[in-house]
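These figures come from a predicted structure and were not determined experimentally.
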Amino acid sequence: MRIFGLKSVITALSMTASVVWAGDALAQAKEAKDVRIVFVTHGQANDVYWSVVKNGLQAASKAIGAQVEYHAPEVWDVVQMAQMIDAAVASKPDGLVVSIPDAPALKQSITSAKDAGIPVIVIDTGEEQIKEWGLDLWVGGGSEYDNGKRAGEMMGADGVKAGICVNHEVGNVSLDKRCQGYTDGLAESGGKVEIVAATMDPTESAGRVEAFLSSHPETTGLLTLGPTVASPILNRLRELGALDKMKIGTFDLSPDVLTAVDKGEMMFGIDNQQYMMGYLPVVFLTTKAMYGTFPTDAVRTGPAFVTKADAAKVLDLSKQGIR
């Protein structure tokens with residue numbers, strides 16, 4: 001039996017994009033070049049996590065030939081995100097891809113897409129809404145809570161009794177679950193976690209963490225929820241000479257994070273492989289528009305805990321914006 005990789009499947013799809021079977025019932029509905037897909041996410045402009053998602057959807061668009069648009073607020077703003085979804089629905093695309101960081105704020109806009117007959121794929125956050133709202137597919141990592149819990153368990157096994165979870169988007173359900181999982185995971189070994197509210201401003205976030213650690217010297221565990229926040233905090237701890245006493249981990253990857261993991265300055269980076277969150281929805285929605293084919297169950301892209309053992313191997317891909 002021959003097993004074909006994703007690249008082979010995409011190549012075959014591209015080659016057959018203009019083929020129409022003889023029977024009318026089997027004729028494709030559209031050619032790939034006529035398929036238009038719109039992404040609307042909550043990703044802030046300076047968040048490297050979402051730049052990897054965009055790299056994935058752009059690569060898929062180039063490989064298949066479908067038209068793909070990406071929209072997101074410059075800063076955390078679910079009201080603006082809802083307006084972007086409304087505009088996308090009004091433009092009648094062949095498919096809509098969204099994240100759902102705030103279900104009550106986005107429900108009306110997203111369900112209006114289904115009412116209009118537009119297939120909806122959810123990525124990154126909002127898996128619970130797939131069944132509840134009758135959406136079409138989840139493409140994303142594992143449970144945010146479970147990933148955070150495992151992080152807490154790992155730090156607890158390494159002796160951490162007091163930890164902090166640095167949340168740069170308080171109110172984002174996905175990030176709140178990460179902190180709750182971390183709290184519960186560390187509690188299993190008798191540890192406690194405090195939440196430090198941060199922002200995407202690197203100086204401000206590093207300052208808030210420094211202030212907290214200054215008044216809570218017993219803290220030896222630190223979990224950040226994204227590399228855009230992790231990097232400045234890591235740099236500040238280096239300047240303070242405080243890395244030796246801290247066990248540090250983060251959700252998501254960047255070259256800075258992987259270099260720190262490889263050097264032993266961080267314990268791990270949690271990779272949800274978000275490049276595939278951009279790439280795969282383009283594949284699935286294009287084939288649905290062309291042939292009516294579509295996955296029948298959720299597609300998991302993660303998590304993968306990257307530690308010192310494999311950080312160097314992943315670093316080159318991260319520099320390319322793929323991991």
Side-chain angles (χ1 to χ4, degrees), residues 17 28-47 49-140 169 171-174 274 277-295 298-299:
Q28 67 182 43
K30 284 193 173 187
E31 293 187 13
K33 65 181 179 63
D34 298 320
V35 176
R36 188 172 67 87
I37 298 162
V38 180
F39 282 67
V40 181
T41 80
H42 65 277
Q44 299 185 52
N46 63 338
D47 192 335
Y49 176 91
W50 289 100
S51 68
V52 176
V53 175
K54 287 188 281 186
N55 288 343
L57 65 91
Q58 288 167 356
S61 174
K62 182 178 180 180
I64 297 176
Q67 304 171 53
V68 184
E69 301 172 16
Y70 179 88
H71 304 280
E74 287 292 313
V75 297
W76 169 254
D77 189 338
V78 292
V79 174
Q80 186 180 6
M81 185 182 171
Q83 293 169 347
M84 289 177 170
I85 294 172
D86 291 339
V89 172
S91 72
K92 299 181 180 179
D94 295 289
L96 177 67
V97 184
V98 297
S99 59
I100 309 178
D102 186 330
L106 299 174
K107 181 176 181 178
Q108 182 174 347
S109 295
I110 294 173
T111 54
S112 71
K114 288 300 300 178
D115 294 341
I118 301 168
V120 179
I121 292 179
V122 180
I123 63 172
D124 182 69
T125 181
E127 182 176 8
E128 296 85 354
Q129 279 67 55
I130 298 292
K131 183 176 181 180
E132 181 182 344
W133 296 357
L135 307 180
D136 294 273
L137 186 67
W138 165 257
V139 178
E169 288 177 356
N172 179 337
V173 175
S174 176
Q274 70 271 24
M277 296 183 201
Y279 200 111
L280 294 177
V282 177
V283 176
F284 298 148
L285 290 169
T286 300
T287 57
K288 182 175 180 61
M290 291 172 64
Y291 308 121
T293 59
F294 204 67
V299 178

Next on the checklist: Rounded at 0.5 Å granularity, tell me how far CG in Leu280 sits from CG in Leu57.
Outcome noted: 11.5 Å
Checklist entry - Which atoms form the tightest heavy-atom contact between Gly278 and Phe39, and what is the distance? => result O-CZ, 3.5 Å
Checklist entry - Around Gln108, counting heavy atoms of other residues, nucleotides and ligands shown, do more than 12 lie under 6.0 Å from its CD? => result no
Item to check | Asp94 and its side chain to side chain donor-acceptor pair (under 3.5 Å) partner, picked from Lys30, Arg36, Lys288 | outcome: Lys30
Next on the checklist: If you apply the rule side chain to side chain contact (heavy atoms under 4.5 Å, CB included), what do you find for Trp50 with Ser99, and how did you get there?
Outcome noted: CA-CA 11 Å; Trp50 289 100; Ser99 59; 4.2 Å; yes
Checklist entry - CG of Leu96 to CD1 of Ile85: how many Å apart, nearest 0.5 Å? => result 6.5 Å
Item to check | salt_bridge(Asp136, Lys114) N-O dist < 4.0 Å | outcome: yes
Checklist outcome for this item: Rounded to the nearest 0.5 Å, the OG atom of Ser61 sits from the NZ atom of Lys54 at a distance of 14.5 Å
Next on the checklist: Return the CD to CH2 distance between Glu128 and Trp138, rounded to the nearest 0.5 Å.
Outcome noted: 7.5 Å
Item to check | Heavy-atom check, side chain of Val89 versus side chain of Ser109, under 4.5 Å | outcome: no
Checklist outcome for this item: By ring pair (Phe, Tyr, Trp, His ring centres under 6.0 Å), Trp76 pairs with (sequence neighbours left out) His42
Checklist outcome for this item: What one should report as the nearest heavy-atom pair of Pro93 and Ala88 is CD-O, 3.0 Å
Checklist entry - Tell me, do Ile37 and Pro281 make a side-chain contact under 4.5 Å, heavy atoms counted? => result no
Next on the checklist: Ring-plane angle category for Phe284 and Phe294, please: parallel below 30°, perpendicular beyond 60°, tilted otherwise.
Outcome noted: perpendicular
Checklist entry - Can you tell me if CD on Glu74 sees more than 12 non-hydrogen neighbours from other groups inside 6.0 Å? => result no
Next on the checklist: Would Leu106 and Met81 count as a side chain to side chain contact (heavy atoms under 4.5 Å, CB included) here? Give the steps.
Outcome noted: CA-CA 8 Å; Leu106 299 174; Met81 185 182 171; 3.8 Å; yes
Next on the checklist: Quick one, Ile100 with Leu135, criterion side chain to side chain contact (heavy atoms under 4.5 Å, CB included). Give me CA distance, side-chain angles, the key distance, then yes/no.
Outcome noted: CA-CA 12 Å; Ile100 309 178; Leu135 307 180; 4.1 Å; yes
Next on the checklist: Please give me the minimum heavy-atom distance between Ala72 and Gly43, naming the atom from each residue.
Outcome noted: CB-O, 3.3 Å
Next on the checklist: Once rounded to the nearest 0.5 Å, what's the spacing between atom CG of Asp124 and atom CD of Gln274?
Outcome noted: 8.5 Å
Item to check | Side-chain touch Leu285/Val35, heavy atoms, less than 4.5 angstrom | outcome: no
Checklist entry - Checking side chain to side chain contact (heavy atoms under 4.5 Å, CB included) for the pair Thr41/Tyr70: CA distance, chi angles, key distance, verdict? => result CA-CA 8 Å; Thr41 80; Tyr70 179 88; 2.7 Å; yes
Checklist outcome for this item: Value for NZ (Lys107) from CD (Gln129), rounded to nearest 0.5 Å, stands at 9.0 Å
